[in-house]
Participant: 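Below are the structure tokens for one structure; questions will follow.
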Amino acid sequence: MTTAADVLARCDALAACSDNPDHLDRAHLTPALAAAHGLVEGWMTAAGLRTWRDQAGNLCGRVEGREPGLPALLLGSHLDTVPDAGRYDGMLGVLMAVAVVERLRDEVTTWPCALEVVGFTDEEGARFGTALLGSRALAGSWDDAWWALRDADGTTLAQAARDFGLDPARIGTAARQPDDLVGYLEAHIEQGPLLEEADRSLGVVTSIAGAQRFRVEVVGEARHAGGTPYPRRRDALVGAAEAVLLVESTARRTGAIATVGQISVEPGAVNVIPGRAVFSVDLRAATDAQRDATRHELLTGLEALCAARGLRMTVTDLYEAPATPCAGWLRDALRSGVVASGDGDPMDVWSPAGHDGMAAAAVTDVGMLFLRCHDGISHHPDEAVREQDVAAGLDAFTTAVREVAHHAPARTAPGDGRSGARAEARA
Ligand code: HGY
Ligand code: MN
Ligand code: MN
């Protein structure tokens with residue numbers, strides 16, 4: 001049986017699948033993602049799952065229930081990473097799901113549902129700017145406009161998909177229908193300090209924050225750094241610097257969380273006033289209303305700031321996901337799991353971090369189990385989890401999956417032709 005120590009060893013092995021020799025960086029549709037798929041597919045097969053890769057680039061595996069073709073309880077997380085990532089954000093949830101299926105596979109054949117594991121791709125959105133591409137394809141909310149997105153090298157998403165062996169024309173086959181699914185359960189590191197502060201191994205997620213990402217372009221005038229007196233300067237970077245401070249102060253005031261994680265300046269010469277500055281904004285809030293009010297207040301402030309400095313500002317939206325409540329019945333099952341694992345009274349937590357469940361919720365109920373992570377650190381190589389917490393998480397997840405499967409709405413295997421994904425899963 002795959003133990004917590006085995007799961008952690010697999011996380012270590014996966015961390016070697018990187019597009020960068022110096023640190024972990026595994027973006028959407030890269031050779032490193034293909035290498036990770038190779039490893040995970042082997043572990044899925046050993047756990048008794050029949051595997052395939054869907055046309056979005058998600059790695060999938062399935063064990064049938066008491067008859068072939070029943071709706072599936074989907075377990076998973078993501079296999080892509082941010083640049084210079086830790087080794088648990090996403091991967092731990094996929095590998096825990098595989099280990100849980102291995103524990104349950106002999107019982108699943110008597111269940112009124114199938115079990116599937118999905119290793120989503122592009123949860124982070126690090127390569128093309130738009131996140132959740134894999135889970136949105138699975139949820140049937142794909143937008144064909146995304147094929148024209150370009151990475152930093154100018155490669156379109158469509159070309160990257162073809163280079164990865166995918167067929168953009170068949171993206172619709174990755175989509176699941178509500179009747180194909182019982183629900184979606186994900187285990188994930190907390191990426192925050194609450195569990196550690198409470199000295200708890202596990203938490204049951206109540207909801208996932210609403211998120212938005214956009215790019216702000218500030219245009220001034222590039223001129224001689226020495227010869228241009230202050231009254232005549234329209235310095236895009238000084239405007240952007242004020243804007244960064246405004247992003248923080250606005251979000252602090254409204255109770256949202258906003259981050260400028262990228263900034264670039266042109267022409268980027270030591271003796272030229274910056275004529276153009278472009279920065280990203282990542283905005284999250286507990287509710288969509290709070291997120292949208294923060295955005296409105298922020299953009300109003302940015303416009304005033306730019307006007308005062310003679311700068312022009314353009315905003316380009318990159319990504320939006322709604323605040324997502326976790327389903328009560330799945331939370332109850334996870335709470336039973338936490339109790340069975342010996343972690344005591346289940347602790348509720350909410351998630352300011354984004355997850356594939358935000359997309360999956362468009363097609364099925366979602367639930368999430370959080371595991372304590374050291375010092376709340378994530379999106380950093382120092383991410384760490386304790387073996388004892390992974391062991392408790394495996395016990396809790398196993399109990400929860402069993403409980404969900406037995407409370408799954410009774411359905412029979414549907415007729416053919418309703419879902420390409422199911423046809424592919426059955427093939
Ligand atoms: O950015 C996020 O919240 C997530 O880790 N993808
Ligand atoms: Mn992440
Ligand atoms: Mn994640």
Side-chain angles (χ1 to χ4, degrees), residues 11 14-15 18 23-28 32-33 36 40 58-59 75-97 117-136 138 184-195 203 205 207-214 251 256-262 280-286 288 291 318-324 326 349-361 366-373 376-385 390 393:
C11 289
L14 266 186
S18 175
H23 58 244
L24 174 53
D25 183 357
R26 191 161 61 239
H28 188 36
L33 186 72
V40 177
N58 299 314
L59 181 66
L75 316 176
S77 190
H78 59 98
L79 293 172
D80 66 309
T81 75
V82 293
D84 202 6
R87 54 188 57 188
Y88 304 108
D89 172 6
M91 290 74 81
L92 179 68
V94 178
L95 299 178
M96 284 179 62
V117 175
V118 57
F120 284 114
T121 184
D122 197 53
E123 191 271 352
E124 303 285 7
R127 181 169 176 191
F128 293 96
T130 292
L132 305 177
L133 290 177
S135 42
R136 283 177 161 173
L138 180 137
Y184 171 68
L185 289 179
E186 174 169 350
H188 201 285
I189 57 169
E190 182 200 344
Q191 304 180 286
L194 301 181
L195 292 173
V205 179
S207 68
I208 308 171
Q212 217 174 56
R213 295 179 189 174
F214 51 93
I257 298 178
T259 305
V260 174
Q262 298 171 320
S280 61
V281 179
D282 174 301
L283 171 62
R284 299 148 193 253
D288 294 342
R291 178 200 64 192
L318 300 174
Y319 163 77
E320 176 168 327
T324 304
C326 293
V349 282
W350 80 287
S351 175
H355 299 285
D356 290 299
M358 300 162 93
V366 306
M368 287 195 76
L369 179 71
F370 270 179
L371 281 77
R372 163 168 54 186
C373 61
I377 298 176
S378 184
H379 286 186
H380 188 278
D382 288 348
E383 250 172 35
V385 286
V390 176

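For reference, positions follow the sequence shown, starting with 1. All ligand and atom numbering here is 1-based and tracks the order in the structure. No hydrogens, no waters, no symmetry mates; every other heavy atom, side chains included, goes into these values.
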Participant: Any N/O/S atom from H188 (main chain or side chain) under 2.8 Å of the Mn ion (ligand 3)?
Facilitator: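 Of the N, O and S atoms in H188, at least one lies under 2.8 Å from the Mn ion (ligand 3), which means yes.
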Participant: Side chains of D356 and V118: closer than 4.5 Å at any heavy-atom pair?
Facilitator: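 Side chain of D356 against side chain of V118, heavy atoms only: no contact under 4.5 Å found.
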Participant: Give the name of the N/O/S atom in H78 that lies closest to the Mn ion (ligand 3).
Facilitator: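 So the atom name we want here is NE2.
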Participant: Does E123 offer a backbone N or O that forms a donor-acceptor pair with the side chain of D80 under 3.5 Å?
Facilitator: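 Here the side-chain-to-backbone pair exists.
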Participant: Please output the residues near ligand 1 using a strict heavy-atom distance under 4.0 Å, listed in chain and residue-number order.
Facilitator: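 Contacts of ligand 1 under 4.0 Å: D89, E123, E124, Q191, R213, R284, A353, G354, H379.
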Participant: Rounded to 10°, how big is the angle at the Mn ion (ligand 2) from E124 OE1 to H379 NE2?
Facilitator: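 An angle of 90° at the metal.
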Participant: With side-chain contact (heavy atoms from CB on, under 4.5 Å) as the test, would you mind laying out the steps for H188 and H78 before giving the verdict?
Facilitator: CA-CA 10 Å; H188 201 285; H78 59 98; 3.7 Å; yes
Participant: Can you tell me if D89 has an N, O or S atom under 2.8 Å away from the Mn ion (ligand 3)?
Facilitator: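 A backbone or side-chain N, O or S atom of D89 is under 2.8 Å from the Mn ion (ligand 3).
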Participant: Looking at the rings of F370 and H355, which for Trp means the six-membered one, are their centres under 6.0 Å apart?
Facilitator: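 Yes: the rings meet the under 6.0 Å criterion.
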Participant: Go through the steps to decide whether L92 and S77 satisfy the test side-chain contact (heavy atoms from CB on, under 4.5 Å), and finish with yes or no.
Facilitator: CA-CA 8 Å; L92 179 68; S77 190; over 6 Å; no
Participant: Kindly give the heavy-atom pair with the smallest separation between E383 and Y88, and that separation in Å.
Facilitator: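 The pair with the smallest heavy-atom distance is OE1-N, 2.9 Å.
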Participant: What pairs with A361 under side-chain contact (heavy atoms from CB on, under 4.5 Å), at least two apart in sequence or on another chain?
Facilitator: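 If we apply the side-chain contact (heavy atoms from CB on, under 4.5 Å) test to A361, skipping adjacent residues, the hits are T324, V366.
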Participant: Is there a side-chain contact between R284 and R213 (heavy atoms, below 4.5 Å)?
Facilitator: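 Yes, close enough: below the 4.5 Å cut-off.
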